[in-house]
Amino acid sequence: MRNKWGVGSLLVLSLVLSACGSQSDDTSGDSEDQSGDSETREVEHAMGTAEIEGEPERVVSLFQGANDAAVALDVEPVGIVESWVEQPVYKYLRDDLEGVDQVGEETQPNLEEVAKQEPDVIFANKDRHEDIYDELSEIAPTVMVDEIYGWKDTVDLMGQSLDKEEESDELLNEWDDRVEDFKSQMEEEGHFPVEAAITNFRADHARIFYTGFGGGILNELGFDRPDNHQEDTWGVKLTSKESIPEMNADVIFNFNSGTEKDEIQQTYEEWTGHPLWQELDAVQDDNVHNVDEVTWNSAGGYLAANHMLDDLYEIYDLEEENND
C-alpha cells in the first residue's frame with residue numbers, strides 16, 4: 001500500500017484535531033450535562049478495546065462490509081469509503097447511501113476527511129487498516145473487524161458499538177433461519193452432496209476462489225469444495241489454459257472482474273471456448289452459472305450475503321419456506 005499520509009497530511013490532521021479539541025473545550029459544560037448519564041460500553045475487537053459512550057450518531061465506515069451492515073441496521077453513516085466498482089456506491093446500497101460524504105478508498109482512507117466528519121465511532125478492518133489504527137483512534141474510538149469478509153463479526157460489533165445489539169442479533173438469527181431452510185430443501189431435493197467452484201476471469205488471467213466471501217458462504221450452505229481446492233488460502237491465479245482442469249466441479253459459479261471490458265470478454269471467450277473447458281463436469285451438465293461480482297465478492301456484507309442466497313434459491317428453483 002502506498003503511503004500518502006505524509007508529514008503535510010499529518011500536520012493538517014493535527015490542526016483539524018486541535019480545532020475539534022478546542023471546540024470540545026468551549027462546550028465542555030454542555031457535553032457533561034448531555035452525557036453525564038450516558039452509558040460507556042467497552043467493545044472488544046481485533047485490535048483491543050474501544051470505549052464508546054452513549055448511542056453514537058456520527059459513524060464513519062472504512063470498508064465495504066461496514067457500509068453494508070450500516071444500511072442493514074438502518075444507520076446512515078456520515079462518511080464511507082468508495083465502492084470497488086459501480087462508483088461511488090454500489091447500486092444495491094445507493095438509495096440509502098447516495099450523498100454520504102466520501103472519505104477515500106478502502107485501501108487508502110483520507111485521514112483528514114475522516115477527521116472532518118467528527119465521528120463518534122469509526123469501523124475499520126484489520127486486513128486494511130492495521131497500520132493506521134493509532135491515527136484512527138486519535139480521531140475517534142475505532143472498532144476493528146478481524147477479517148475483511150468477516151461480515152457476521154461486522155454486524156455483531158456494529159450492533160455492540162451502536163447500542164443496537166437486539167437488531168444485530170435479529171439480523172443474524174434471520175440469516176441462520178434462511179441457511180437452515182436452504183440446506184433442508186437442498187437435502188430434500190437430492191442436490192447434496194455437491195462440489196462447487198467459484199471462477200473468475202480477468203483481462204489477462206483466470207482465478208479460482210477457494211475461500212473469501214463467496215466461498216465461505218457456500219461452505220456454510222452445505223456445498224463442498226473439490227479435493228484440489230482445499231488449501232486454506234483465498235484461491236489460485238491461472239495464467240495458462242492448460243490449467244483449466246483445475247476448475248473442475250459439479251457446479252461452477254463464475255463472475256468477471258475489471259474495467260477492461262473488451263479484454264475481459266476476450267479472455268472469457270477464449271478460455272470457455274477451449275476444449276478443456278468443454279470437458280469440465282459442470283459444463284457437460286449445463287451447471288455453470290454467471291453471477292454478479294458485487295453480490296458474490298466485492299460487497300462482502302450482510303445484505304450482499306442475502307442477495308447471494310437469493311441467487312441460489314433461484315438457481316436451484318427452490319421456494320423459500322420462511323419467506324414472509
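FYI, the numbering just counts along the sequence from 1.
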Asker: Using the side-chain contact (heavy atoms from CB on, under 4.5 Å) rule, pick out the option among Asn200, Asn254, Leu218 that qualifies with Trp296.
Answerer: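 Among Asn200, Asn254, Leu218, the one meeting side-chain contact (heavy atoms from CB on, under 4.5 Å) with Trp296 is Leu218.
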Asker: Closest approach of Leu309 and Val179, non-hydrogen atoms and distance?
Answerer: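 Of all heavy-atom pairs spanning Leu309 and Val179, the closest is CD2-N, 4.4 Å.
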Asker: Between the side chain of Asn125 and the main-chain N/O of Asp127, is any donor-acceptor distance below 3.5 Å?
Answerer: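 Here the side-chain-to-backbone pair exists.
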Asker: Does this structure show an ion pair linking Arg128 with Glu106, if we count only N-O contacts that are shorter than 4.0 Å?
Answerer: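 Yes, this pair counts.
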Asker: Do the charged groups of Asp169 and Lys164 touch, with an N to O distance under 4.0 Å?
Answerer: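 Salt bridge between Asp169 and Lys164, a charged N being under 4.0 Å from a carboxylate O: no.
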Asker: Are more than 12 heavy atoms, taken from residues, nucleotides or ligands other than Gln87, located less than 6.0 Å from that residue's CD atom?
Answerer: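 Yes - once you tally the heavy atoms of other residues, nucleotides and ligands closer than 6.0 Å, there are more than 12.
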Asker: Does a sphere of radius 6.0 Å around CG in Asp74 hold more than 12 heavy atoms from other residues, nucleotides or ligands, not counting ones at 6.0 Å or beyond?
Answerer: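 Atom CG in Asp74 is not packed in, count stays at 12 or less.
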Asker: Please check if atom CD in Gln278 has more than 12 non-hydrogen atoms from other residues, nucleotides or ligands closer than 6.0 Å.
Answerer: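 Enclosed.
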Asker: Once side chain to side chain donor-acceptor pair (under 3.5 Å) is applied, what residue pairs with a partner in residues 260-275 remain, sequence neighbours excluded?
Answerer: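 The answer is Gln265-Glu269, Gln266-Glu270, Tyr268-Asn290.
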Asker: For Met308 versus Thr295, what's the shortest heavy-atom pair and its separation?
Answerer: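 Closest approach of Met308 to Thr295: N-CG2, 3.3 Å.
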Asker: Is there a side-chain contact between Arg41 and Asp163 (heavy atoms, below 4.5 Å)?
Answerer: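 Heavy-atom side-chain distance check passes, below 4.5 Å.
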Asker: Here's a test for you: under side-chain contact (heavy atoms from CB on, under 4.5 Å), which of His45, Met158, Met144, His129 qualifies with Phe123?
Answerer: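 Of His45, Met158, Met144, His129, side-chain contact (heavy atoms from CB on, under 4.5 Å) with Phe123 is met by Met158 alone.
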Asker: List the steps and the verdict of ring pair (Phe, Tyr, Trp, His ring centres under 6.0 Å) for Trp234 and Phe209.
Answerer: CA-CA 6 Å; Trp234 70 266; Phe209 284 93; 5.5 Å; yes
Asker: Any pair with a residue in residues 170-190 that passes ring pair (Phe, Tyr, Trp, His ring centres under 6.0 Å), sequence neighbours left out, goes on the list, sorted by first then second residue, please.
Answerer: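 Passing the test, one end in residues 170-190: Trp151-Trp175, Phe182-Tyr313.
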Asker: Are there more than 12 heavy atoms of other residues, nucleotides or ligands under 6.0 Å from atom CD of Gln230?
Answerer: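 Enclosed: over 12 neighbouring heavy atoms sit under 6.0 Å from CD of Gln230.
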Asker: Any idea which heavy atoms bring Ala115 and Ile139 closest together, and the distance?
Answerer: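 In terms of heavy atoms, the two residues are closest at CA-CG2, 3.8 Å.
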Asker: For residues Phe253 and Ile315, report the shortest heavy-atom separation together with the two atoms involved.
Answerer: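 In terms of heavy atoms, the two residues are closest at CE2-CD1, 3.9 Å.
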Asker: Determine whether Val114 and Val143 fall in the same hydrophobic cluster, where Ile, Leu, Val, Met, Phe, Trp and Tyr are linked whenever their side-chain heavy atoms lie under 4.5 Å apart.
Answerer: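 No, it is not one cluster - the side chains of Val114 and Val143 are not joined through contacts under 4.5 Å.
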